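The block underneath contains the structure these notes are about, expressed in structure tokens.
Note that the structure is a prediction, hence the values are computed from the model and not measured. Numbers restart at 1 for each chain; the letters A, B, ... are given by sequence-line order, proteins then strands.
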There are 2 protein chains.
Amino acid sequence: MRELCLPVGLNEHEVQVLGDVVSHKRRIQRGGYLHRTGLKFQSLFAIRSGFLKTCVLEEDGRQQVTGFHMTGELLGLDAISTEVHTCDAVALEDSEVCEIPFEKLEEISRVIPSLMHHFHKIMSREIVRDHGVMLLLGSMKAEERLATFLLNLSRRFLMRGYSESDFYLRMTREEIGSYLGLKLETVSRAFSKLQDENIITVDNKHIQINDIARLRMKIGNTSCVT
Amino acid sequence: MRELCLPVGLNEHEVQVLGDVVSHKRRIQRGGYLHRTGLKFQSLFAIRSGFLKTCVLEEDGRQQVTGFHMTGELLGLDAISTEVHTCDAVALEDSEVCEIPFEKLEEISRVIPSLMHHFHKIMSREIVRDHGVMLLLGSMKAEERLATFLLNLSRRFLMRGYSESDFYLRMTREEIGSYLGLKLETVSRAFSKLQDENIITVDNKHIQINDIARLRMKIGNTSCVT
DNA sequence: TGCCTTGATTGATCTGAATCAAAGCCAATA
DNA sequence: TATTGGCTTTGATTCAGATCAATCAAGGCA
């Protein structure tokens, strides 16, 4: 329970109350769906372990990856508004989630104000994250996008106690491209370019960041001549 | 009060309670700031009248418009997570907002469950909206983006009782471009192209949609030969 | 072992949008 | 009435990334 994303600053009793609500666990195999677009919304999902992507579909079949999600993150927030899931959530590796019935969450957040406030912060953080992605998609060049993406992953791995400079990607070049608004070939070329500059080492999905400072400089420095 | 975005399905007494909280009104002149990035967060703002944009800034000065907002919409949701505003909100015409102290909103939403639930829906809707923009920025061509934008405005004007096919834009081509991830010249050309095809009539900021069906067809029909 | 599939890389070419540049159009102001 | 400045349109050129295409490596499997 304790490692879950919601409990912060709750006392023993409150954690107990919350624990009763989120008891139901679910396993999803690599490639499996946690939920699909159009499915009736009932619960949020807290990721206990694993790695998932969420993606929205256009009528004409094109799809856009809207996020990659790892341990401790909360999925399903988009579905509260319409009570129907507006995106697919697919496991990119075997994953485990806690199901959190939303009605119950609202009930107990009435009696645990700090839980309600924390939940609001989580929703708000998702909005801020999305604005960051909009900025990326709207005004960055391919290489800047990839640098931003890698630094974001790096930070999130670090926060979870993993190496910030040596990790394995769970997603394909195509999925990265979809998330970053690029074609897979462009993603591949951007990886190669960063490798040529000795900023990273790429071995398929295995990424090593050799010079995180220079990777950071890649963002927002288009004016600098190379 | 009644026209405000929050109250739905509340009884007289509840509307009264809420009214006590959102009493404080504020006027912002065209060009004025409702809030700026970095400002301490205290309140959400419900737009009573007018038209605003929100935009985020990069360190290097580039800015991205993250949304255009009109009567009945709620601003400031992004600031809940960090308790600091993460974007600027600028009035594009003289506007009037209600200030809603967030702490008080959380307090009363404990006693009015339907209000809490409605608030959650609003936050969730913002997330869904952002995903839509991500899709647009990540995978649409210039003309599709503009068509999507116009149809979105059209729908929102209609919902507010205005004409869906004849309206004035409050923002410049540059602001539209920033929102859509395009340069202003590209926006202008896309307008001209749609006009040449007799789908819309453009007279500077005055837009008339002559054939809304064909405008809709512009979205996701890149495969069709013109 | 050889055959297939899937994902990644790399090269060549094409194209949509950016960039650079020049006018035009108002509305506000002198 | 002339002038200024902000906004828009349009044209010419350039370029980043898309597209098309070939090759390669790593499994999976008959």
Value in whole Å for how far the P atom of dT9(D) lies from NZ of Lys193(B): 16 Å
Phe102(A)/His120(B) aromatic ring centres below 6.0 Å: yes
Pair Tyr179(B) and Phe68(B), ring centroids less than 6.0 Å apart: yes
Cationic tip of Arg173(B) above Phe191(B) ring, under 6.0 Å, 45° of axis: yes
DNA chain D-proximal residues of residues 162-178 of chain A, any heavy atom under 4.0 Å: none
Separation of Asp166(A) CG from Ile200(A) CD1 (nearest 0.5 Å): 12.0 Å
Nucleotide dT8(D), atom P - distance to NE2 of His206(B) in whole Å: 15 Å
Nucleotides 11-21 of chain C: protein proximity per nucleotide (B base, S sugar-phosphate only, - neither; heavy atom, under 4.0 Å): BB----SSBB-
Ring geometry between Phe41(A) and His85(A) (parallel below 30°, tilted from 30 to 60°, perpendicular above 60°): perpendicular
Atom-to-atom span, CG of Leu146(A) to P of dA16(D) - whole angstrom: 17 Å
Distance in angstrom units between Arg30(B) CZ and dG6(D) C1', rounded: 11 Å
Flag, side chain of Glu73(A) to backbone of Met70(A), donor-acceptor distance under 3.5 Å: yes
Ile176(A) side chain near Leu146(A) side chain, heavy-atom distance below 4.5 Å: yes
Arg36(A) charged N/C atom sitting above Tyr33(A) aromatic ring, 6.0 Å / 45°: yes
Atom-to-atom span, NZ of Lys205(A) to C1' of dG27(D) - whole angstrom: 12 Å
Value in whole Å for how far the C1' atom of dT9(D) lies from CG of Asp196(B): 12 Å
Between P of dT9(D) and CG of Asp203(B), the distance in whole Å: 9 Å
